[in-house]
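Everything quoted here is computed from the prediction, not taken from an experiment. A note on names: the letters A, B, ... follow the listed sequences, proteins ahead of strands, and every chain is numbered from 1.
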Amino acid sequence: MITSIAWKNIWRNRVRSGVIIAAITIGMFAGVFTSTFYKGWINQRLEAGVETEVSHIQVHHPDFSENFELKKFIPESAKMADEIAKMDFVNGVSPRMVVQAMIASSETGTGVKILGVDPEKEKTVTNLFTKVPEGRYFEGVKRNPILIGKKLAEKLKVKLHSKLVITLQDIKGHLTSEAFRVCGIYNVGNGMFEEMNVFVVKSDLARFVQLDEGISHEIVVHLKDHDQLAQNTKNIAGKYKESLVQSWKQMTPELGLLNEYGNIYIYFFIIIILLSLGFGIVNTMLMAVMERVKEIGMLMAIGMSKFRVFWMLMLETVLLTLTGGFLGILLGVAVTLATMKSGIDLSFYAKGLEDMGYSSLVFPVVESGMIVIIGIMVLITGIVAAIYPARKALKYKPAEAIRIDM
Amino acid sequence: MNVIEVNALEKIYNDSEVKVFALNGVDMTIEEGEFTAIVGPSGSGKTTFLNMLGGLDQPTSGQISIGGTDISKLSSSQLIDFRLRNIGFVFQAYNLIPVLTAKENVEFIMHLQNRPKEERENRTMSLLKAVGLEGRENSRPNKLSGGQQQRVAVARALASKPKFVLADEPTANLDSKSTENLLEIMEELNIKENITFVFSTHDQRVVNKARRVITLEDGKIISDVRKDILPQ
């Protein structure tokens, strides 16, 4: 019965309760939708970063990353790649040859990283082959095909089948040039990556730099179970102590940070919203209590215990908060579900976003765990906001309260 | 059998500075089945006395015994529970719970007493019938007249099966007809059910109905008149 009274009490002043419920609804909608949007954004960035750009684990010569020297290749890299490929937790392995070079079109030139890959093996470690909207993945060009990013194509002002000249120092230190033809232009939504990385067939690059085709500077590993990343990285590192074995979290700390702290940012944002709503709830409930001093006095006079009065007012506040919270969460989830397939187009800001590696088409994501935690946070807000008004109500003496003229 | 026993009751305000004796050595007893009015001018100590009898305030000294329990020694939470089980209240401004229907208002106090649902419902219906509100069970207070609301308040006061009903100016907000009607209902309950009523009132019509009239002045009982005439 006390729950029923508490619920009915909320609707005594429909306008006042309606306003605070609407405020909570809008606040929670904003919180939930921003969270699902941000989560989708993070997930897309992580997926792009991990599945397209870096993959799960990379092995290098310990000194390779200092200045990308051609001679700092992995000793016995072909054997190592074969051994890693046979490990039961490994999904795919792609040995790469990596060279820093200058690339030039008929218009202009720029510095890039050339990645010599086995196109088929590369398919087992990244999904780059699915991100080639123009041209085909190492097909359609007979000699020296090159796959370049959309951003680089724009910078060099080249199109599909355009000729590009790569100039580099071979293993003997001689400056040498060779022509390549654009077989495909990939688009991963990360301007920096697109501008800096070009892909050629490993045998073409090996011939170009005068290295044996079996030599690799980078072995890229894709795992069967990403959740075992730390353990599997440790396993490979344990076996190849002379090489540098790093997970994607170690290689791209900004992505690791995004992964580790993304949820914390979301919850921090929700806490700020709930904190401001909490003050509104306290104010509303204080008004409700002050208006009902006489009634609260009467309830205590006829024998309603302080605990029951406290409980009734707590319930009132919590139900008020939960009503707005539930509606807001429901609305946030509904809008997320409505937009999660088509995505939200931020093309107006596309340039800036893609330069930072973020896609301009964001697909919000609903995570049930996150929604449950937000629901619990709303409940806690209701409970905390209820304490002060409820305690205030208990300070009145029934004999005085029932004689107050309201 | 005495329902209320008051001995040397004192209530002093401003205890540390200028002492104001709201009640100054009040002694009296009220027996089961009495229909008593407490009267007196403003400032006579009537309200303070009523608060003491209702366990809403603690005396400075003296004793108040209700049904054999000295309530002046009870803690605040014990007093709440004591009021719930022993005293029925009727207030001047009705003080019903506005969000509940007449039936729910009466039932509420039995809910606080944790009585079984069936008992609550049966007693509620019989009390509402006794106060002439059959058919208005599902009306909220704002749909009832002042007289009807006060009758719900009487039914609520009786719902807990109290040792006595304390009515503070119960007719102050009522018109003549409603006052007459309410007094008749309470008198009937008093006679037929032997329910003890104690009124605080300024209303001469209540005084006329009362079979005992206690007059307070300056915190003392200056007269205690028993009419001992039961209505025909």
Identify which part of B:I109 has an atom lying under 4.5 Å from any heavy atom of chain A, answering side chain, backbone, both or neither.
side chain

Interface moiety of B:A93 toward chain A, non-hydrogen atoms closer than 4.5 Å
side chain

Tell me if the NZ atom of A:K392 is crowded by more than 12 foreign heavy atoms within 6.0 Å.
no

Checking heavy atoms, do the side chain of B:P162, its backbone, both or neither come under 4.5 Å from chain A?
neither

For chain A, the option from B:L96, B:D57, B:N51 that forms the most heavy-atom pairs under 4.5 Å:
B:N51

Should we count NZ of B:K220 as having more than 12 external heavy atoms under 6.0 Å?
no

Filtered by a 4.5 Å non-hydrogen cutoff, the part of residues 74-91 of chain B contacting chain A is B:S76, B:I80, B:R83, B:L84, B:F89, B:F91

More than 12 heavy atoms of other residues, nucleotides or ligands under 6.0 Å from CD of A:E47: is that the case?
no

Counting only heavy atoms not in A:R12, do more than 12 sit closer than 6.0 Å to its CZ atom?
yes

Would you say A:F326 has more than 12 foreign heavy atoms packed within less than 6.0 Å of its CZ?
no

Do A:L299 and B:I97 have side-chain heavy atoms sitting under 4.5 Å apart?
yes

State, yes or no, whether a side-chain contact exists between B:F108 and A:I302 at a heavy-atom distance under 4.5 Å.
yes

With chain A as the partner chain, list the residues of residues 133-151 of chain B whose heavy atoms fall under 4.5 Å from it, by residue number, and write 'none' if nothing qualifies.
B:R140

Between chain A and each of B:Q113, B:Q92, B:H111, count heavy-atom pairs under 4.5 Å; write down the option with the most.
B:H111

Against chain A, label B:E104 side chain, backbone, both or neither, depending on which of its atoms sit under 4.5 Å from a heavy atom there.
both

Within this structure, what is the CG-CD distance for the pair B:N95 and A:E295, rounded to the nearest 0.5 Å?
8.5 Å

Would you give the length of the straight line joining atom CE of A:M1 to atom CG of B:L100, rounded to the nearest 0.5 angstrom?
5.5 Å

